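In what follows, a single structure is set out as structure tokens and then discussed.
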Amino acid sequence: GAWQNLDAEVLVPGDIVRLRSGDRVPADLRILRAQDARADESLLTGESLPRDKSTDIPTGDTILAERRNMLFAGTFLQSGRVVGVVTATGERSEIGKIHLLIDEIAPTPTPLLRQMRRFSRGLAVFVLGLALLLLGVGLLRQSLSTFELFLAAISFAVAVIPEGLPAILSIVLAMGVQRMAKEGVITRRLNAIETLGSVTVICTDKTGTLTRNEMFARYLRTASTLYEASGTGYAPQGEVTPSSADAARDAAAMVALLANDAQLRESGETWQVVGEPTEGALLALAGKLGAKDLGYHRLASIPFESAHKLMAVWVADRGGHQEILVKGAADRILARCRWQLAADGEQRPLQQAFWQEQIRSLGNKGLRVLALARTQPASDPAQFSLSTLGEELTLLAVVGIIDPPRPEAIRAIAACRRAGIEVKMITGDHADTALAIAREMGLADDDSMVLTGADLDHLTPDRLADAVRQARIFARTSPEHKLRLVKALQEQGEIVAMTGDGVNDAPALRQADVGIAMGVKGSEAAKEAADIVLADDNFASIARAVAEGRGIYDNLRKAILFILPTNGAQGLVILAALLLGLPLPLTPLQVLWVNLVIAITLSLSFAFEPAEGAVMARPPRNPRQALLDGHLFLRLGLVSLSIGGGSMAGFYYATASGLGVNSAHSLAVTILVLAQALYLFSARQLASSSFSWQILRGSPALWIALGLLLLLQLAFLHLPIMQSLFHTTPLSWQAWVSSLLVAFAIFVFIEAGKAIAASRP
Ligand code: ATP
């Protein structure tokens, strides 16, 4: 018999469910009560316009789209409020039936992965062509038998194609996504991770994201007195001082109680809100003021929407006396008032200037200011709407609600700014409140410019572009303004991350480069439109996501930079041997072996690689910058040459000094593997030097990978089955030492190259 927040999965037919605009319908419902309800059913019907919903029962056989007294699971309530009874859930719901028909849809790869796949495919064609050419040249020269030539061409193809690369990149990305999920950042679209690394502006909501969304109604200001409430949290107990008689205060308490959809519930020591925190705070205040619901019932209501920023109810008491009670953003209510209530219960003309001053002084303290008003009904409840509400309301009081900033958000804002990311606050709240909070958060100083939604409406596109760049605080905005702001910022080349929670924020979230929805406060419609969902609504999580995104992108590049030289080196070895008419230092099977062990050990460790140094101490990445720039290409070539050269030198030195072919092959493979293992330490630092003890402090995965590689290499040389499969022999300790020395020399050479590249601008 009481409202509760439950997971959709526990619903069963017969349960009663209450929804408001922006909610995703959790099961198929028959509507019992509806106000201004419209649902977006495009998911099911393909119809893009929202459908009106009501309790009217359609006659005869109807198609799905015409069942106006039904709401269907998975669709969205676009506006209004609905109470309904569950008729079907899961596979029996309309969407469930469709899901049964659809196979799982493959996840979309990110642009980077697509780019890499294209690259791999191009490379495969190129390599095949080259292998055929080699075959042709070899046949003309007749230095090798046709069979040997054929094997050499295959070795070359196997050597050059980075077979493991797409898999490694997917794993790096997937591990990154999982790490982010542990931090409370849920990635809905993989692209977002790459984009996060290049974000230049974050546009954030205030309430709940920068602040805690734990509201406490501290002040109540009537025409005669300023009251202050004590108490903690949402407990409806506490004192309100002074305690003089005041008709306006008592009337305001009734509005706070009745124009309210929230409920307070005691759980253990604390009180919790079911519904909106702002409304919970008002209920607690009403409780402290002793307001009691003595059998009122609602005849009609105008639900709160962030576009009009107020809520009104038309109530009747037991005696049939009717009244309209209104609460909402103070400036919006004030604009609809003509009267005010005095302490003695007299209705007097409104003192505009007095109230504006009160609103400003509460706002300057960073308080969210709501006004409470009432009026006598004139029309009929059936026609109750914003236009019939009129502008003759009687103002009772304004309330100042505290919503403390999140201390971690303050630190996160500072971190973002150090990382070259501009943070802008876009809020539905009043300009004074927004500025006061922005100052506390280190987002603004005393004379910072605040633009309101109304200001934005009057700006020409040119002026808008300027204003958007300069201002950091946007107040009293509605969701359409968010969309305009994102577009204006994007037109100036900014990469924008934008947060949102309401159903109307969906277009702006879609438009933003990274749309971020609030997991707790956000509507399902917003989450559906977003790329990322924050499990805790906290701005600090956005900053962490950006850092994580930058780290993941770096790891992808490192993995590519690490794997490609393995292939380059092997390809070069074979190419050179063939062109010079020398015996092949590596057999095709050995090439496969090296590719396999390097991919499953060393390359995989990049998935667990922690972000390098201070990712948030550098400016955002230029999104147009190519994955591998000239420097890195040069490095790839250099590394391939030196590792390939080392391995070849080992092979020819061994054969020249009279070792058997098998021993020479074994030495060549060992040099290749060891050089690649040391190169791992080089590749872990994209730009900075790896010549420090710091580099040895890697993730455990790194050491596991290295240990595994060593074991595999020992098995490769010592196990009889491997010896017969790969034609290998054990190496003498001298051979091991010289392999290590060669590998180390290559490492030093690569690091020297890195240092030279770093010293140039
Ligand atoms: P943000 O965009 O930063 O999350 P917000 O949550 O304050 O800001 P809205 O939800 O659009 O933005 O609220 C705008 C204003 O409407 C608030 O400042 C408040 O004055 C008023 N308001 C908020 N909730 C209610 C409500 N339930 N009933 C009446 N008025 C409300």
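Everything quoted here is computed from the prediction, not taken from an experiment.
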Roughly how far, to the nearest 0.5 Å, is [atom2] of [Y] from [atom1] of [X]?
| X | Y | atom1 | atom2 | answer |
| --- | --- | --- | --- | --- |
| Leu196 | Ile495 | CG | CD1 | 11.5 Å |
| Leu77 | Asp40 | CG | CG | 10.0 Å |
| Arg621 | Thr200 | CZ | OG1 | 12.0 Å |
| Ser541 | Ile532 | OG | CD1 | 10.5 Å |
| Thr388 | Trp314 | OG1 | CH2 | 7.0 Å |
| Phe608 | Arg179 | CZ | CZ | 8.5 Å |

Quick one: side chain to side chain contact (heavy atoms under 4.5 Å, CB included) partners of [X], sequence neighbours excluded?
| X | result |
| --- | --- |
| Ser170 | Leu113, Arg117 |
| Ala412 | Phe539, Ala540, Ala543 |
| Ala512 | Val486, Met498 |

Does any non-hydrogen side-chain atom of [Y] lie less than 4.5 Å from one of [X]?
| X | Y | value |
| --- | --- | --- |
| Phe474 | Lys424 | yes |
| Val177 | Leu190 | yes |
| Glu480 | Leu483 | no |

Checking the side chain of [X] only, and the main-chain atoms of [Y] only, is there a donor and an acceptor separated by less than 3.5 Å?
| X | Y | value |
| --- | --- | --- |
| Asp403 | Asn213 | yes |
| Asp7 | Glu9 | no |
| Arg298 | Ala316 | no |
| Arg484 | Leu456 | yes |
| Ser93 | Gly96 | yes |
| Thr427 | Ala434 | no |
| Ser79 | Asp36 | yes |
| Asp537 | Gly519 | yes |
| Arg550 | Val615 | yes |
| His308 | Pro303 | yes |

Is the closest side-chain donor-acceptor distance between [X] and [Y] under 3.5 Å?
| X | Y | answer |
| --- | --- | --- |
| Glu41 | Thr75 | no |
| Ser21 | Gln78 | no |
| His430 | Thr433 | no |
| Thr207 | Arg368 | yes |

- Query: Taking the six-membered ring of Trp3, is the NZ or CZ of Arg18 close enough (under 6.0 Å from the centre) and on axis enough (within 45°)?
  - Reply: yes
side-chain hydrogen bond (donor to acceptor under 3.5 Å, both in side chains) partners for [X], two or more places apart:
| X | result |
| --- | --- |
| Gln272 | Ser267 |
| Asp293 | none |
| Asp531 | Arg189 |
| Thr452 | Asp455 |

Could you tell me whether [X] atom [atom1] has more than 12 heavy atoms of other residues or ligands within 6.0 Å of it?
| X | atom1 | answer |
| --- | --- | --- |
| Arg265 | CZ | yes |
| Arg188 | CZ | yes |
| Leu32 | CG | yes |

- Message: For a side chain to side chain contact (heavy atoms under 4.5 Å, CB included) check, start with the C-alpha distance between Thr209 and Met518, then their side-chain angles and the critical distance, and finish with the verdict.
- Response: CA-CA 8 Å; Thr209 314; Met518 298 300 142; 3.6 Å; yes
[X] versus [Y], closest heavy-atom pair with distance:
| X | Y | value |
| --- | --- | --- |
| Ala530 | Leu509 | CB-CD1, 4.4 Å |
| Ala497 | Ile516 | CB-CD1, 4.0 Å |
| Thr499 | Asp205 | OG1-N, 2.8 Å |
| Arg38 | Asp52 | CG-OD1, 2.8 Å |
| Val86 | Ala27 | CG1-CB, 3.8 Å |
| Val399 | Ala217 | CG1-CB, 3.9 Å |

Could you list the residues that satisfy salt bridge (Lys or Arg N to Asp or Glu O under 4.0 Å) with [X], not counting sequence neighbours?
| X | value |
| --- | --- |
| Arg20 | Glu276 |
| Glu183 | Arg544 |
| Arg472 | Glu422 |
| Lys327 | Glu279 |

- Message: Apply side chain to side chain contact (heavy atoms under 4.5 Å, CB included) to residues Arg476 and Lys309 and explain how you reach the verdict.
- Response: CA-CA 9 Å; Arg476 277 291 183 254; Lys309 297 184 173 46; 4.0 Å; yes
- Message: Checking Asp429 against Lys206 for the salt bridge (charged side-chain N to carboxylate O under 4.0 Å, His left out) test, could you report, in this order, the C-alpha distance in whole Å, the side-chain angles of both residues, the deciding distance, and whether it holds?
- Response: CA-CA 8 Å; Asp429 221 328; Lys206 173 179 73 68; 3.0 Å; yes
- Give every residue pair that meets the salt bridge (Lys or Arg N to Asp or Glu O under 4.0 Å) criterion with at least one member in residues 508-522, sequence neighbours excluded. Asp501-Lys521
- Decide, yes or no, whether a salt bridge links Glu548 with Lys182 under the criterion of side-chain N to carboxylate O below 4.0 Å. no
- Quick one: do Asp505 and Lys482 make a salt bridge, cutoff under 4.0 Å? yes
- Item | Worked check of side chain to side chain contact (heavy atoms under 4.5 Å, CB included) between Ile437 and Met425 | CA-CA 10 Å; Ile437 296 278; Met425 177 202 275; 4.0 Å; yes
- Item | Derivation and outcome, side chain to side chain contact (heavy atoms under 4.5 Å, CB included), residues Leu485 and Gln511 | CA-CA 10 Å; Leu485 287 174; Gln511 175 73 34; over 6 Å; no
